[in-house]
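Working notes for the structure below.
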Amino acid sequence: MKAVVVECDYQNPQVERLIEPAKSLASGGIVVFPTETVYGIGANAFDGEACGRIFRTKGRPADNPLIVHVSGIDMARTVCDLDDRWVPKLVKFWPGPLTVVVKSSPSVSAEARAGLETVAVRSPSSPVARALISLSGVPVAAPSANLSTRPSITDGDSAVTELGDLVDFIIVSGRSPLGIESTVIDLTSTPVRLLRSGSTSLEDLEKVFGKIEVTDTARGIGEDARPLTPGSKYRHYSPVRPLYLISRNQAISIGNDDRFSDYLFLCSDEVAGKIRNQSFRLGSETDLDGVARNLYYAFRELDQRNVRGGFITMFSGKGMGLALENRIRKATSPLPPAISSLIEELSN
Ligand code: TXA
Ligand code: MG
């Protein structure tokens, strides 16, 4: 199958171009579309067969549920049991990059929620996604539009390259403005629990929801024996080429050593300015939002360059920092002994 590729302006979508993709969604089709975080691969959440096709297309484990995208509170009520006390809090973040896990309505296909009693719901702010959901008239179950284990897709060209032969429509609207997935919180637990860090900051959430319990998996440190969020137990977000985490000082040292000239250094503008080897500038150290926008894009760039692998430095802190730290940890592998002894030699 060859997907029909539809170009659409992100801010002011040409609604007439979305009519066919919306019809396709409503009648069992699979449509890739841009959200403010990353591109999604969507199907009608009520249609078990269509949702099943998403799992097969991505190679996604069947026990990892999808996020259901809705146009707002009213549509959310058709897919879940939404306690009235959450509504005033939710509308502070919706539309936007916050996903909430709540009790599911039976109407949501078992495939979309991977057989769980709960469902993950979010109302995206992307004007294209909003127009598409409204036109289709159905809630859209959509995981990130990458093949399973690969980095999420944050630009239309990568969506066409990776999924062009596998879906019905691909709506292309340039680079995703945020670049990292939505934050996922569990509203069925007290206190509210952070299941996945993301584009809505913990600090902003706590102002509205009170103290939030942060699990180790949400930080990216270790894996829970019984994961609270099924997605956390799988390898994720990784480039195909090996990517190693090193410190800022190590980057400056080996980034100027010829033995590492066939590696790509993913680092801040500040570090890139101090090294001679090939680098990909993620953005300024003082602009974590900018780094988030570029991170997955850089992972894909690493796979396209003719290099042996990559090195990346850590970004952490408030705001986007928590999500960046989690994604970087999940994407990197331990340094092989040969490389770590070379690094050690250089720093002596
Ligand atoms: O920004 C985003 O969230 C993007 C765009 C497309 O909206 N979507 C996305 O979906 O990142 P996906 O499938 O890649 O991640 C969904 C996450 C997974 O970690 C999954 O385990 C978790 O949400 N999840 C879904 N339903 C859940 C549930 N009922 N309970 C706990 N975790 C759930
Ligand atoms: Mg994903």
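In listed order, ligands and their atoms are each counted from 1.
Lys207 contributes atom NZ, which lies 10.5 Å from atom CG of Leu202 (distance to the nearest 0.5 angstrom). Here the CG atom belonging to Asp168 is positioned 11.5 Å from the CD atom belonging to Glu20, to the nearest 0.5 angstrom.
Ring geometry, Phe93 versus Phe209: the interplanar angle falls under 30°, so the pair is classed parallel (tilted spans 30 to 60°).
With a 4.0 Å cut-off on non-hydrogen atoms, Lys103 does not touch ligand 1 at all. With a 4.0 Å cut-off on non-hydrogen atoms, Leu195 touches ligand 1 through its side chain and not its backbone.
Those atoms of ligand 1 with a heavy atom of Ile67 less than 4.0 angstrom away are 3 (O), 8 (N), 9 (C), 10 (O), 16 (C). Close approach of ligand 1 to His69 is summarised as follows: ligand atoms under 4.0 Å from at least one heavy atom of the residue are 5 (C), 6 (C), 7 (O). Near Asn64, meaning under 4.0 Å from one of its heavy atoms, ligand 1 places the atoms 18 (C), 20 (C), 21 (O). Remark: ligand 1 atoms within the under-4.0 Å shell around heavy atoms of Leu116 are 28 (C), 29 (N).
Using a 4.0 Å cutoff on heavy atoms, Glu36 does not count as a contact of ligand 1. Residue Arg113 places no heavy atom under 4.0 Å from ligand 1.
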Dump the intermediate steps for side chain to side chain contact (heavy atoms under 4.5 Å, CB included) on Phe299 and Leu266, then the final yes or no. CA-CA 9 Å; Phe299 289 173; Leu266 313 184; 3.9 Å; yes
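Paired with Thr35 under the rule side chain to side chain donor-acceptor pair (under 3.5 Å), one option of His69, Glu181, Arg122 passes, and it is Arg122. For the side chain to side chain contact (heavy atoms under 4.5 Å, CB included) test with Ile171, the passing option among Val31, Val5, Val32 is Val31; the others fail.
Residue-environment remark: CD (Glu16) exceeds the threshold of 12 foreign heavy atoms within 6.0 Å.
Checked against a 3.5 angstrom limit, the closest N/O atoms of Arg60 and ligand 1 fall inside it. Looking at ligand 1, you'll find an N or O of Ser144 within less than 3.5 Å of one of its N or O atoms. Below 3.5 Å of separation, one finds an N or O of Arg122 facing an N or O of ligand 1. For the pair Ser182 and ligand 1, the shortest N or O to N or O distance falls below 3.5 Å. No N or O atom of Tyr39 sits closer than 3.5 Å to an N or O atom of ligand 1.
Look at Ser144 and the Mg ion (ligand 2): an N/O/S atom of the residue is under 2.8 Å from the metal.
In this structure, Asp155 does not pair ionically with Arg300, as no charged nitrogen and carboxylate oxygen lie closer than 4.0 Å. We find that Lys103 and Asp83 are not joined by a salt bridge, their nearest charged nitrogen and carboxylate oxygen being 4.0 Å or further apart.
The closest heavy-atom contact to atom 29 (N) of ligand 1, among the options Val108, Thr118, Ile180, comes from Thr118. Heavy-atom proximity to atom 6 (C) of ligand 1, evaluated over Pro34, Gly40, Ala145, Ser104, is greatest for Gly40.
The minimum heavy-atom distance between Ala331 and Ser238, with the atom names listed, is CA-OG, 4.1 Å.
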